[in-house]
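Residue numbers start at 1 and run along the sequence shown. All values below come from the heavy atoms of this structure, side chains included, with hydrogens, waters and symmetry mates left out. Counting starts at 1 for both ligands and their atoms, following the listed order.
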Amino acid sequence: MPHQFPVPAPRSSTLLWWQRGVLYHIYPRSFQDSNGDGVGDVQGIITRLDYLSWLGVDVLWLSPIFPSPMIDGGYDLADYCTVDPLFGDLATFVQLLEQAHRRGLKVLLDFVPNHTSDVHPWFMEARAGRTSCKREWYIWHDPAPDGGPPNNWESYFGGPAWTFDQHTGQYYLHQFDDRMPELNWRNPEVRTAMYGVMRFWLDLGVDGLRVDVPWLLIKDEQFRDNPINPDWKAGDLPWTRQIRLYSEDRPEVHEVVREMQAVIDSYAERVLIGETYLPLPRLLRYYGERLQGMHFPFNFHLILLSEWNAQAIRQAVEAYEAALPVGAWPNWVLGNHDQPRLVSRLGWQAARVATMLLLTLRGTPTWYYGDELGMQDVPIPDHLAQDPQGKRQPGFGRDPARTPMQWDDGPNAGFCLPNVEPWLPLAADSQKMNAAAEQEDARSHLSLTRALLSLRRRTPALTSGSYHTLESGSECCFVYLREQGEQHLMVALNCSVQEQVVKVPEVGQGRLLLSTYLDREGPVNLAALALRSQEGCIIEIEEFHML
Ligand code: NOJ
């Protein structure tokens with residue numbers, strides 16, 4: 001019979017804000033400039049809070065706003081406990097918190113524990129000499145007998161993960177840019193300092209933290225060479241050339257994650273989310289034994305699917321639902337600042353179906369700024385490139401997905417003043433594709449996203465209901481039920497470009513609530529429901545027949 005993987009749902013009243021809500025990821029440099037320097041800032045975000053409330057998201061996650069030489073867009077921190085003047089100051093950030101909270105929005109910050117900038121005072125002190133009091137805060141190693149790096153580890157940004165420090169005659173470790181030395185999480189002093197950083201922001205009223213690369217925090221104690229990936233071929237992601245067996249995801253990391261979660265748990269209702277690019281079983285370990293790990297490790301499997309079709313998506317959803325530890329809260333992500341944009345990956349219509357998928361699956365959805373407009377990757381000429389990953393590994397730059405938000409059809413799309421050059425070029429189509437224009441268009445990408453967010457918010461079956469896959473007779477459609485109490489919703493996604501007919505006569509009578517085409521609603525025949533090319537539908541089941 002049709003349904004599989006019945007997943008029991010907790011009652012909606014028992015869910016916490018980070019389980020009910022939708023996360024909206026802001027890349028602060030690109031959201032809204034308020035001070036005329038062509039770079040987005042905290043005050044700019046404040047001026048756009050009404051838009052975010054109108055859109056219907058619940059939780060804002062800000063990529064780093066801390067002091068930084070901006071080698072890696074702020075992921076290279078020179079100070080953990082204040083705001084970079086580029087983005088404003090601490091007082092303005094406190095205003096953002098207050099104003100967001102007044103509107104019922106939560107605010108999460110990025111927490112970057114794996115590395116600092118090389119101009120962070122801790123590293124400057126550490127490299128001053130081998131006996132420095134901060135020396136052991138970073139990872140140093142003597143050269144190999146031939147004078148080369150201590151082992152074969154490669155950096156994600158290309159080249160060896162070790163750089164020789166002339167002054168002290170040792171190598172230091174960095175798995176990103178050489179100006180981002182890695183902290184030594186085996187040193188208790190580092191842990192104490194970093195948990196202090198977490199408390200600083202939590203005391204200020206921040207609602208939670210997104211942890212950057214937590215699976216990298218602990219490395220092999222013996223610094224063994226990583227095996228070479230025998231399947232790697234030219235054109236594959238350069239950082240998959242090695243199997244990163246010894247440089248990351250070591251078992252001892254889970255102790256650190258538990259400790260971080262304990263800091264979070266010492267405050268009321270805060271959340272800890274981890275960035276985790278890992279295969280499913282290893283990813284799920286970050287929930288921790290007896291769920292003492294993080295609230296949720298990001299689930300990027302929809303982004304990483306090698307093919308976008310109904311069977312591949314179904315498999316990803318079912319595998320995740322089936323493997324989730326009992327009591328663990330699921331989550332889904334469709335885009336972020338490290339990945340090509342949703343529309344650029346999938347195309348227009350498929351992106352609309354993906355949006356319906358994200359906002360109707362069980363678990364917390366994470367949304368990337370601008371995807372609600374259908375923003376696309378913007379080609380960045382070499383001389384304007386900013387991203388160190390792309391500069392070292394041509395073709396793998398992340399700037400195209402980080403361009404300024406397209407607010408209106410004015411010069412610079414309302415992102416910054418007309419006479420100012422934005423830090424990255426705007427999309428050529430920003431005159432047409434922008435928030436103001438799409439607000440006026442009842443069938444726009446923005447209208448669809450907002451309608452889905454609104455439906456999700458007012459429909460307990462979607463926010464907290466159970467999940468069952470349905471067999472629909474069409475290989476090209478992914479069909480599932482979300483149920484809560486007396487409420488039964490069916491989601492039917494045609495992931496192909498041909499028309500398809502979904503047949504689920506046994507389910508009951510249906511009433512169409514929302515199509516990705518935004519042009520129809522009302523009673524539908526579930527014995528033969530025709531879906532147009534790349535159409536997704538949400539159908540309320542009336543007179544539900546028990547499956
Ligand atoms: C993950 C972040 O998402 C990415 O943007 C950054 O380059 C690396 N971590 C290093 O911090």
Identify, for [atom], the protein heavy atom at the shortest distance, and state residue, atom and that distance.
atom: atom 9 (N) of ligand 1; result: Asp212 OD1, 2.9 Å
atom: atom 8 (C) of ligand 1; result: Phe176 CE2, 3.8 Å
atom: atom 7 (O) of ligand 1; result: Asp72 OD2, 2.6 Å

Check ligand 1 against [X] and write out every atom of the ligand that is under 4.0 Å from a heavy-atom position of the residue.
X: Arg402; value: 5 (O)
X: Val213; value: 9 (N)
X: Asp338; value: 1 (C), 2 (C), 3 (O), 4 (C), 5 (O)
X: Arg398; value: 4 (C), 5 (O), 6 (C), 7 (O)

Contact between ligand 1 and [X] is defined here as a heavy atom of the residue under 4.0 Å from a ligand atom; is it met?
X: His115; value: yes
X: Arg210; value: yes
X: Phe157; value: yes
X: Gln175; value: no

Have a look at ligand 1 and work out which part of Gln339, if any, has a heavy atom under 4.0 Å from it: side chain, backbone, both or neither. neither
Logged contact type for Glu275 with ligand 1, heavy-atom cut-off 4.0 Å, is side chain
Side chains of [X] and [Y] only: does a donor on one sit below 3.5 Å from an acceptor on the other?
X: His101; Y: Asp207; result: yes
X: Gln170; Y: Asp165; result: no
X: Trp137; Y: Glu189; result: yes

Is it the case that atom CG in Asp203 sees more than 12 heavy atoms from other parts of the structure closer than 6.0 Å? yes
Ring-face cation of Arg345 near Trp308 (centre distance under 6.0 Å, axis angle within 45°): no
With Glu252, the salt bridge (charged side-chain N to carboxylate O under 4.0 Å, His left out) member among Lys219, Arg191, Arg186, Arg258: Arg186
Hey, do the aromatic rings of His254 and Tyr286 have their centres closer than 6.0 Å? yes
Would you confirm whether the ring centroid of Tyr27 sits within less than 6.0 angstrom of the ring centroid of His337? yes
Which atom names give the shortest non-hydrogen contact between Asp338 and Arg402, and what distance separates them? OD1-NH2, 3.0 Å
